[in-house]
Amino acid sequence: MRRAALAIACVALACEATGFEPEYVVDTLRVLGITADAPFAAPGQSVHFATTWADPLGAGRTIQWAWGTCLNPGSSQIPDCANALDSLAPGTDSFDITVPANALDGVVVGEVGVVFAACAGTLSLVRDPHNGAPVTCKDLTGAPVGRDGFVWGGTRVVVTTLLVNANPSIDKIFIDGTEWAPGYSPAIDSCVGKNVDDCPASAVHEFSYTAKADSAETYDIGAGPTTEELVGWFYVTQGSLTAGYASPNADDAGVPLSPPRFDIAFVPTTSDRSHPLHLWFVLRDDRGGMSIADRQITWK
């Protein structure tokens, strides 16, 4: 019954593969998330950033990285932080900072913006005059590397001594209602149809995960207690999802389940069975906290 409902939902939400891949399909170099071990930090505190990234069709090519920071840029927009940088510095896919001691000078709540660049080519630490990127990325011929091999973006840390924010935690992951342990790669049939409508109901699968019960923290900034909102995000290297994200499930009365649970219907529309299907599950809160888990599927 549940599988039938998932099939209906998938069709109703136009969960199909098209000539334009949806955002949840990871088929180029992608940075899926940057997790700070302290989304809120005090002046002088050290913060470590761990990058979750994928390059599914890159055949193991080398990725060059660069990082930079800005202090209190006056905007949460990444380009504004990038414009405040003198330049980025080379690094790896992780990054460490110490929040400046003067981060709260003149402000009650501050911000350290963090900008990154990832390049499947030669990274030059000078601004690209054509696209506004804080670095340039070129291939062996000197031509600019396109979207399939160059990405830049950013994140931020809120600077405060008044509040803390822990990252929400993914607890358990499920496929078709069965707990999905790390290292286990279930085998499923792919559907050769290009669109969901061409696939049988038996091809629909359910991906789910739960958050630990304390993931949605309650805090008070003077207007009364407020509880964080959680959102679950899903990414796949192939196939079709009902959507790339989901709100926590609720019961028939609209009351969110405890612990929070996030479900997405998936149809393995695929044209390439030579690669396992890779999936990522990203749990975010609305204050910059994040956790990420991944799994793989093989083809029968």
Side-chain angles (χ1 to χ4, degrees), residues 23 26 28-55 62-139 142-161 163 165 233 282 284-290 292:
E23 186 68 17
V26 180
T28 63
L29 175 64
R30 288 278 292 277
V31 173
L32 301 174
I34 301 175
T35 306
D37 61 2
F40 284 24
Q45 183 173 344
S46 297
V47 182
H48 177 74
F49 298 89
T51 303
T52 299
W53 60 280
D55 190 22
T62 298
I63 306 299
Q64 295 186 351
W65 295 82
W67 297 83
T69 62
C70 63
L71 178 62
N72 296 329
S75 165
S76 60
Q77 300 299 312
I78 296 169
D80 290 337
C81 181
N83 289 335
L85 301 173
D86 291 331
S87 66
L88 277 71
T92 66
D93 60 359
S94 64
F95 187 58
D96 293 277
I97 68 168
T98 298
V99 177
N102 64 341
L104 292 180
D105 287 0
V107 296
V108 177
V109 177
E111 176 182 312
V112 176
V114 176
V115 176
F116 75 89
C119 168
T122 299
L123 193 64
S124 177
L125 302 175
V126 295
R127 294 183 182 276
D128 190 320
H130 303 293
N131 60 21
V135 297
T136 56
C137 179
K138 296 184 178 182
D139 64 20
V145 175
R147 175 63 185 84
D148 62 335
F150 175 49
V151 59
W152 71 280
T155 186
R156 63 175 180 162
V157 169
V158 174
V159 183
T160 178
T161 59
L163 295 170
N165 182 24
W233 295 79
V282 182
R284 298 177 182 267
D285 65 36
D286 58 3
R287 296 195 296 158
M290 177 194 313
I292 303 178

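- For residues 88-100, the set of pairs meeting the salt bridge (charged side-chain N to carboxylate O under 4.0 Å, His left out) definition, not counting sequence neighbours, is empty.
- The side-chain heavy atoms of P90 and L125, taken from C-beta on, include a pair separated by under 4.5 Å.
- Applying the salt bridge (charged side-chain N to carboxylate O under 4.0 Å, His left out) test to every pair with at least one member in residues 30-45, sequence neighbours left out, gives these pairs: E23-R30.
- With sequence neighbours left out, the side-chain hydrogen bond (donor to acceptor under 3.5 Å, both in side chains) criterion links D80 to S75.
- N165 contributes a side-chain N or O that, together with a main-chain N or O of R287, makes up a donor-acceptor pair within less than 3.5 Å.
- Applying the side-chain hydrogen bond (donor to acceptor under 3.5 Å, both in side chains) test to N72 and every residue at least two apart in sequence or in another chain returns nothing.
- The side-chain contact (heavy atoms from CB on, under 4.5 Å) with W53 is formed by just one residue from the set V31, V151, L32; it is V31.
- Taking F40 as the reference, nothing meets the ring pair (Phe, Tyr, Trp, His ring centres under 6.0 Å) condition, with sequence neighbours excluded.
- Pairs engaging residues 116-133 under the salt bridge (charged side-chain N to carboxylate O under 4.0 Å, His left out) rule: none recorded [sequence neighbours left out].
- Checked against side-chain contact (heavy atoms from CB on, under 4.5 Å), T98 has the following partners two or more places apart in sequence or in another chain: S46.
- Looking at W152 and V115, their side chains come closer than 4.5 Å, going by heavy atoms from C-beta outward.
- Partners of S76 according to the side-chain hydrogen bond (donor to acceptor under 3.5 Å, both in side chains) rule, which considers only residues two or more places apart in sequence or in another chain, do not exist here.
- Every residue two or more places apart in sequence or in another chain that forms a side-chain contact (heavy atoms from CB on, under 4.5 Å) with A143 is listed here: D139, T141.
- For residues 102-126, every residue pair satisfying the salt bridge (charged side-chain N to carboxylate O under 4.0 Å, His left out) rule, not counting sequence neighbours, is listed here: E111-R156.
- Remark: D55 engages R61 in a side-chain hydrogen bond (donor to acceptor under 3.5 Å, both in side chains) (not counting sequence neighbours).
- The ring-ring contact (aromatic ring centres under 6.0 Å, His included) analysis of residues 73-97, with sequence neighbours excluded, yields the pairs W67-F95.
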